[in-house]
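A quick write-up on the structure given underneath.
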Amino acid sequence: MVDNPAEEEVSSVSPLNTAGANGARRNIGPPTRVPQSAANPTRTANTRNPRPIRVPPASAGVPAAGNRPPVPRPGGPPRNPGPVRGTPRPGVRPPHVHYKPAKVSLLRRLCVPITTVVLVLASLVVIGILIKVVMDNYYYFCIKSFKFIPLDKWCDGQADCAGNEDELRCVQRVDFSNTTIVRLSDSGSILQILTSSRTWSYICSDGFNAASAKAACAEIGYSSKPTFSSVSAASLNGQFSNVQITDSEIQVVPISGTCASGSVISLSCIDCGSNHKKERIIGGQETSIENSPWQVSLQYMGQHSCGGSILTPRFILSAAHCFQKGQQQVDRWRVESGHSRLTYTFASQVDKIFIPTSYILDQKPNDIAILKLKSDLSFSAGVEPICLPGFDSNLQPGASLTVTGWGHTVEGGGAVASTLQEVIISLIPNAVCNQEYFGQITENMMCAGQLSGGKDTCQGDSGGPLVSLGPNSRIQQNGVVSWGDGCGRKNKVGVYTKVVPYLQWVTSIMKVEL
Ligand code: 4AZ
């Protein structure tokens, strides 16, 4: 009842109209308020404000047209009661009086300036956005020298701003000269350290402790809490050593013969590649990020551009060709993790991007990259690292591999996949692959797919991980999506950068940047 506006009109107007009908038309003096309960006994006092009532100017005789009491509508109250006069009755407080038309005219008067201000502000915002779009796409602003330079001069290898400002936050080239002195085998993660005579030595479990494990993992760029165990040295041939820690650096002390304990160290630097899945890309199927929690999306200026994989909370593995000429500005890249469907909102900022010195723009060899994030990822069910393979990892032809990504699901298709896709493919021997690719497949590349076509990676999958179930029942990354002739074509399988030949390059960057 109270919420019905028609009922409200009746209750606030009729008692005063009745007074007017009695002929007692007098100036009612200062505006006063009629308590609702007095104006209409059926309403409770505390429901709504009484309808504002206009008070006419003081005059005698017949009221002017606008001041006449409204003619009651048959069967109901007047729709627009208009001005009402009333004689204050004893015991009844005069109504609170407002000039409704005054309010309307005030609104009318404000309408034009308000609309003008809103329009001007909206135009300024649109102009601002247009200027930003033009600047972002065509110019770089040198803050120190306060000048604009064309975008293609940003990160072109030549200083165009004062203090080399335009070349400071660009993709960096790193050669292979920095080598790490620690490596882990594929089968059993057996630790080896390089001796001063440049031979790889197994590490005896004698005296090896948590500090030794931490120092060994730091050598390959891992800072998480490592785990280690002792394994029999009986089947191993080669050099054996003990370790000592000096200034938190690991040093090898070669011994003659085998370890006193008869056992060596198996080391795991990070809890990686957990196999959550108990049992598309082109010809693939939708998957959830929890099945491939190491998969990330590399986004350039808010658009998915490439895939990548999480190695540690700080480091992402991807492909060098993702950072084409004109896309080498580190601050324009973001890394989104933990979502099957991309949000483009919760993405991490990038601190540095590294590609091999030997990578030549628009060419196929050495197509690998490392991204260092500005802050650590926090691991969860959808955000986990992938394991790197051991230095001696060697897949058999026909081995089953899984590749994931948000790339096109149709060759030449206009858009990236909205949900993460996965496809299971087989390792194709390089000799077979090279017959179709005219000898372009190098030692450091591998081919995977289906020779009959239909199951493959495509544009937008580049940089993503090609993985397999490792000998330790953990999932490891064997390849990085790199190139191919079209997508899913017969006899044109996908080509991947092998991870093993780049282990030293990857771990030495992670070590230096740790
Ligand atoms: C690309 O353009 C691309 N079919 C990636 C993978 C393949 C082809 C193209 C393999 O990023």
Side-chain angles (χ1 to χ4, degrees), residues 171 280-285 287 292 295-301 303-309 316-328 333 335-336 342 353 355 359-369 371 401-417 420-430 432-442 444-467 477-499:
V171 169
R280 294 180 275 217
I281 289 192
I282 302 268
Q285 60 192 33
T287 188
S292 301
Q295 173 80 51
V296 295
S297 154
L298 267 53
Q299 297 166 0
Y300 181 76
M301 287 181 81
Q303 298 228 315
H304 170 85
S305 184
C306 271
S309 55
I316 305 294
L317 186 61
S318 188
H321 87 260
C322 295
F323 309 99
Q324 301 282 359
K325 197 168 185 286
Q327 300 199 345
Q328 304 210 334
W333 285 93
V335 172
E336 184 174 342
L342 297 175
I353 300 172
I355 61 171
Y359 174 76
I360 300 167
L361 224 63
D362 298 329
Q363 297 211 359
K364 296 176 173 90
N366 306 306
D367 193 9
I368 195 163
L371 284 80
L401 295 151
T402 302
V403 65
T404 41
W406 288 274
H408 292 182
T409 49
V410 179
E411 186 183 328
V416 294
L420 183 62
Q421 306 281 305
E422 161 194 280
V423 68
I424 298 170
I425 45 180
S426 308
L427 179 68
I428 311 286
N430 279 17
V432 174
C433 196
N434 251 330
Q435 285 169 7
E436 298 298 335
Y437 281 120
F438 317 108
Q440 292 181 87
I441 313 298
T442 69
N444 294 349
M445 298 175 193
M446 62 195 279
C447 297
Q450 188 170 260
L451 288 169
S452 57
K455 288 188 172 195
D456 198 6
T457 43
C458 202
Q459 201 184 335
D461 291 320
S462 286
L466 176 74
V467 305
Q477 183 168 353
N478 305 98
V480 176
V481 181
S482 181
W483 62 279
D485 190 351
C487 307
R489 296 185 191 175
K490 191 168 176 253
N491 291 330
K492 297 286 181 186
V493 294
V495 186
Y496 299 79
T497 307
K498 271 188 195 168
V499 172

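The figures here come from the full heavy-atom set of this structure, side chains too, leaving out hydrogens, waters and symmetry mates. Since the model is a prediction, treat every value here as computed from it, not as a measurement. Numbering of ligands and ligand atoms starts at 1, following listing order.
Between atom 3 (C) of ligand 1 and the options G407, C322, G488, C458, the minimum heavy-atom separation is to C458. The heavy atom nearest to atom 11 (O) of ligand 1, considering only G486, S462, A319, is found in S462.
Listed by atom number, the atoms of ligand 1 under 4.0 Å from W483 heavy atoms are 7 (C), 10 (C). Near D456, the atoms of ligand 1 lying under 4.0 angstrom from a non-hydrogen atom of the residue are 4 (N), 10 (C).
Side chain of H408 to main chain of C458: no donor-acceptor pair is present (N/O by atom type, distance under 3.5 Å, no hydrogens or angles). Of the possible donor and acceptor atoms, none in the side chain of D367 sits under 3.5 Å from a partner among the backbone N and O of T497.
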* Criterion side chain to side chain contact (heavy atoms under 4.5 Å, CB included) on D362 and Q324, from CA distance to verdict -> CA-CA 8 Å; D362 298 329; Q324 301 282 359; 3.1 Å; yes

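Counting non-hydrogen atoms of neighbouring residues, nucleotides and ligands closer than 6.0 angstrom, the CD atom of Q303 reaches no more than 12 such neighbours.
In this structure, V493 and A448 approach most closely via the heavy-atom pair CB-O, 3.6 Å.
For atom 6 (C) of ligand 1, the closest heavy atom belonging to the protein is T457 OG1, 3.6 Å.
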